[in-house]
Amino acid sequence: MTGKTLRTELFRLIQFEIFESFRIAAQQLAANRTRSGLTALGVIIGIIAVTLMGTAIKGIDIGFDNSMAGFGDDVLYVEQYPWNTGADYWQFRNRPDIKLNAADRLNQIIGSNPKSFLAVAINAPACIQTVLYGKRQISNVYTTGTTDQFSYVSSTECEKGRFLNEAESKSGRNVCVIGRDVASGLFANTAPLNKVVRIRGQEYRVIGVFAKQGSFLGIFSWDSQVVIPLVSYIKYFKANQENASIRVKVKDKNRMPDAIEELRGSFRRIRGLLPEQADDFAINEQKSLRSSIEPIKTGLAIAGLFITGLALFVGAIGIMNITFVSVKERTREIGTRKALGARRRTILLQFLIEAISICLVGGALGLILSYALFLLLTRVFHDFPIQFSPLLVVLALLVSVVTGILSGFAPAWQASRLNPVEALRYE
Amino acid sequence: MQESGIIIPVRLTRSKGESVIRIHGITKEYFMGHAVIQALRKVDLLIRRNEYLAIMGPSGSGKSTLMNMLGCLDTPTTGTYEFNGKDVASMEDDELAAIRNKEIGFVFQTFNLLPRSTSLQNVELPLIYAGLSRNERLIRAEQALASVGLAERMYHKPNELSGGQRQRVAIARALVNNPSIILADEPTGNLDSKTGQEIMNLFESLYATGNTIVVVTHEEIIARHARRVVRLRDGLIESDRENIED
């Protein structure tokens, strides 16, 4: 026989042995349902912990991505304050305002450089306002003043009506486009289009309602915003110029660092800063916000890993114990199998697969239970973004198999080393 | 004790075919705490193809040890053991497993069937370890069961069978790999005398069709079926003689 046929022969043999082992494992599990079920409890809890943790982390990511979509992943923000400052607020307090004409200067610089990484700069100063319609009012509305070119740097998709056009933008007509939540809050039973709302005492005619853009954990909602023409914003909300913001669209979001460097250089030119002077402005991008949720995710992951690890550890010990019992109970059977020609490997595989099977059953049960829990959670907390991913299922089953191997190996090894004579004589 | 046989030296036993088992100067020592127990001391034995041999002896005589040795379940402390010309005395566990699988068919006093498996699955087991394909396994297991008269009981589990039927399943399992030797340890010990007789008749017909059979027993009535009886005492062969048939 050549080496190759020998190898295929061995492969076939192992294949039969594995198949036979699974058959025996199924018989054993069926015969000892209560015992196996109790043993699998640790694994079940572990898998529920791991899937719920994964679901929550994934959910936070997705919720974040959804809310980030409003910021745009190819948009830079030139502003007075960096995002995520917190305690350092005072450090940036005395920076000069971002002047509205800086956007024009930026566009000139971008236009004169054909190799620029930047596409266009658009003014979008914003402030928080209260919007009224009749007796109804909605406060904490994120109010932005901008031009018809806003669509370069933000979603301007409308579910009703349309976004600002060039004429409205240039003339600064008192029109507005409102977010979905603003629309539903103010106009419960009437059509919002062409109704007139009041912001800071000025009247604005509603020309469009944004399509739903989502929120992040209910903290901040993109659907609670109003957009008015920049000219009108400057005219009536001038006191809020410290909230000026220039949004700069980047040509290639994969060259973000280059784009940021270019923008920093251009803006320093505009500001006339000397090389030794520090930046007196901030360039923000959505990525810098993302870093603020990392501690939450890390905390969740650590807590989840701890609970999972503990549950799986306890589960693994239980399975190891039950597999030792199983080896003891079936010593005679092991002796018989050895007498009939079972090799050490065969016996090792058989008990290892039995332990793995318990873990897999536990893992599957855990997945089913956590899926039920997940359905319940989504029903109770509509807005909480949790996600049940196929990757998680694979991960959970993988964890189960590894637990099975770790817990089953010692007893399986012991079984495989049994002396056939003593095993046959065992009562 | 039946003393009617003629004493024949081992080498002169019926020369019906070549030797299957050739044992020379085998000893086996066990350690019980600090004491050394000599279970076998210098045993010589030659078993040829198509012999029907009974090994007898009181408990403690070393017959179980000898049977374990013959069955390649254990290796001797000293001495040589050739099985079909192969030296098995120095083999590793897994090599011995292969010999047991292909060359030896075991029949146990307590049947040792897998309780949750059907007759067919029980008989299939050695073939799985031999690496046969599923189809081949089924064909051969069915043939083996039919040859012991259990064609109608293939899908029954041991607890649905009588003691005699269980032992016949075990015999089918022992036969299924076409072993060089069938090794039966008190095969009728757990059966009533009538059923025991049936099993012995089955061995008789297996012998008639050319099988080599070794039965370990302490019952004269069982040993009487064999053509040759080896008696052990205190780890030595006390006598080795042909059975005179009635």
Side-chain angles (χ1 to χ4, degrees), chain A residues 1 5-33 326 329-350 353-354 413-427, chain B residues 28 30 39 64-75 92-118 121-134 136-137 157-158 170 173-177 179 183-185:
Chain A
M1 226 189 283
T5 54
L6 253 174
R7 226 173 303 137
T8 51
E9 191 70 22
L10 183 68
F11 177 76
R12 203 170 65 146
L13 190 59
I14 290 178
Q15 195 185 333
F16 290 152
E17 285 171 357
I18 288 177
F19 183 78
E20 165 77 1
S21 297
F22 269 112
R23 197 180 63 79
I24 295 162
Q27 277 178 359
Q28 285 298 322
L29 289 188
N32 304 308
R33 255 178 237 122
S326 186
E329 278 178 351
R330 285 151 67 199
T331 301
R332 277 263 280 228
E333 180 194 317
I334 295 166
T336 307
R337 286 176 181 277
K338 288 201 156 193
L340 297 179
R343 291 170 175 79
R344 285 179 172 179
R345 177 192 69 219
T346 321
I347 302 289
L348 183 83
L349 262 180
Q350 184 189 328
I353 284 177
E354 204 171 303
W413 179 259
Q414 195 195 50
S416 75
R417 297 277 137 171
L418 279 177
N419 178 329
V421 174
E422 280 163 30
L424 278 168
R425 208 187 293 142
Y426 187 83
E427 293 293 332
Chain B
K28 182 69 183 179
Y30 292 111
S64 299
T65 308
L66 180 59
M67 192 209 66
N68 291 336
M69 219 62 78
L70 291 177
C72 295
L73 290 165
D74 211 347
T75 47
E92 294 293 317
D93 270 18
D94 282 355
E95 294 172 290
L96 289 173
I99 296 272
R100 292 194 294 263
N101 180 246
K102 297 203 168 63
E103 307 289 357
I104 300 168
F106 286 94
V107 178
F108 301 98
Q109 175 177 3
T110 48
F111 321 136
N112 291 16
L113 299 176
L114 303 188
R116 274 180 280 275
S117 301
T118 63
Q121 286 167 335
N122 267 295
V123 177
E124 236 188 306
L125 200 57
L127 302 177
I128 289 177
Y129 296 146
L132 264 62
S133 75
R134 192 175 156 68
E136 214 173 330
R137 288 194 321 243
K157 291 183 179 168
R173 183 177 66 184
L175 286 173
V176 76
N177 257 349
L183 206 53
D185 181 16

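Every chain is numbered from 1 and lettered A, B, ... according to where its sequence line falls, protein lines coming before strand lines.
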Requested in this report: Working to the nearest 0.5 Å, report the span between CG of B:N177 and CZ of B:R100.
Outcome: 13.0 Å

Query - Candidate pair A:E354 and A:S326, rule side chain to side chain donor-acceptor pair (under 3.5 Å), full reasoning - result: CA-CA 10 Å; A:E354 204 171 303; A:S326 186; 3.1 Å; yes

Query - Exercise: identify the closest heavy-atom pair between B:A170 and B:F111 - result: CB-O, 3.8 Å

**Report entry** Residues of residues 17-27 of chain A near chain B, each having a heavy atom less than 4.5 Å away
**Finding:** A:E20, A:R23, A:Q27

Query raised in the report: Which bit of B:S133 comes within less than 4.5 Å of chain A, counting heavy atoms only: side chain, backbone, both or neither?
Result: both

Query raised in the report: Which region of B:S117, side chain (C-beta onward) or backbone (N, CA, C, O), has a non-hydrogen atom less than 4.5 Å from a non-hydrogen atom of chain A, or is it both or neither?
Result: both

Report task. Decide yes or no for B:R173 and B:N112: does some side-chain heavy atom of the first lie under 4.5 Å from some side-chain heavy atom of the second? Result -> yes

**Report entry** Atom pair OG (A:S416) and CD1 (A:I347), whose distance is rounded to the nearest 0.5 Å
**Finding:** 8.0 Å

Report summary line: dist A:F16:CZ -> B:L127:CG (nearest 0.5 Å) comes out at 10.5 Å

Query - Partner chain A: residue of B:I99, B:L113, B:T110, B:I104 with the largest heavy-atom pair count (under 4.5 Å) - result: B:T110

Report task. Could you check if a side-chain atom of B:L96 sits within less than 4.5 angstrom of a side-chain atom of B:T75, using non-hydrogen atoms only? Result -> yes

Report task. Answer with side chain, backbone, both or neither: which region of B:I128 has an atom nearer than 4.5 Å to a non-hydrogen atom of chain A? Result -> both

**Report entry** Beyond-backbone contact of B:Y30 with B:T65, side-chain heavy atoms, under 4.5 angstrom
**Finding:** yes

Query raised in the report: How about residues 330-337 of chain A versus chain B: which residues have heavy atoms under 4.5 Å apart?
Result: A:R332, A:E333, A:T336, A:R337

Query - Closest non-hydrogen atom pair between B:P158 and B:P115, with its separation - result: CD-O, 3.4 Å

Query raised in the report: Would a distance-only check, ignoring hydrogens and angles, find a side-chain to backbone donor-acceptor pair under 3.5 Å from B:N101 to A:A342?
Result: no

Query - Carboxylate-amine/guanidinium proximity below 4.0 Å for A:R344 and B:D93 - result: yes

Query - Heavy-atom proximity to chain A below 4.5 Å, by part of B:E95 - result: neither

Query raised in the report: Side chain, backbone, both or neither: which part of B:L125 has an atom under 4.5 Å from a heavy atom of chain A?
Result: side chain

Query raised in the report: Does B:K102 reach the main-chain N or O of A:G341 with its side chain, forming a donor-acceptor pair under 3.5 Å?
Result: no

**Report entry** Structural part of B:A174 lying under 4.5 Å from a heavy atom of chain A
**Finding:** neither

Query raised in the report: Sub-3.5 Å donor-acceptor pair from the side chain of B:K157 to the main-chain atoms of B:L114, do we have one?
Result: no

Query raised in the report: Given that the side chain runs from C-beta out, which part of B:L183 has a heavy atom under 4.5 Å from chain A: side chain, backbone, both or neither?
Result: neither

